[in-house]
Amino acid sequence: MTDIVDLAEAKAFIRVISDDEDDTIALLIASATESVLDLADTWDRTGAPPARLKLAVLTRVAIAFDNRESVKAGDGESALLTPLRTLDV
């Protein structure tokens, strides 16, 4: 699976300049990407990802990085992802 954001983008977003946490941040990116794509199932993964997808991944990375003891999804992401989700009725 291709990540929606890369390591450099995530590090800039969470304001990390050292390379000490690169493995952890890469794991957070992969996990956040999977979680976001589970919800945003209308994006066909071709072309550039929508900005709201990138922001949702970055938000999840930032929250997980700052609160490593919590696995709860961050607040506010649902509003970013709802327009990209198909609901079965």
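Using a 4.5 Å cut-off on side-chain heavy atoms (C-beta onward), Thr33 and Val5 make no contact. For the pair Glu9/Ile29, no side-chain contact is recorded, criterion being any heavy-atom separation below 4.5 Å from C-beta on. By the 4.5 Å heavy-atom criterion applied to side chains, Thr59 and Leu55 are counted as neighbours. Proximity of Phe13 to Val61: side-chain heavy atoms (C-beta onward) are nowhere separated by under 4.5 Å.
Applying the salt bridge (Lys or Arg N to Asp or Glu O under 4.0 Å) criterion to Asp22, with sequence neighbours excluded, gives Lys11. Partners of Phe65 according to the side chain to side chain contact (heavy atoms under 4.5 Å, CB included) rule, which considers only residues two or more places apart in sequence or in another chain, are Ile14, Val16, Glu21, Ile25, Leu28, Arg68. For the salt bridge (Lys or Arg N to Asp or Glu O under 4.0 Å) test, no residue two or more places apart in sequence or in another chain qualifies with Asp44.
Ala26 approaches Leu7 most closely through the heavy-atom pair N-CD1, 4.2 Å. Ala48 and Trp43 get closest at one heavy-atom pair: O-NE1, 3.9 Å.
Under a cut-off of 6.0 angstrom, the local environment of CG in Asp38 is crowded, with over 12 non-hydrogen atoms contributed by other residues, nucleotides or ligands.
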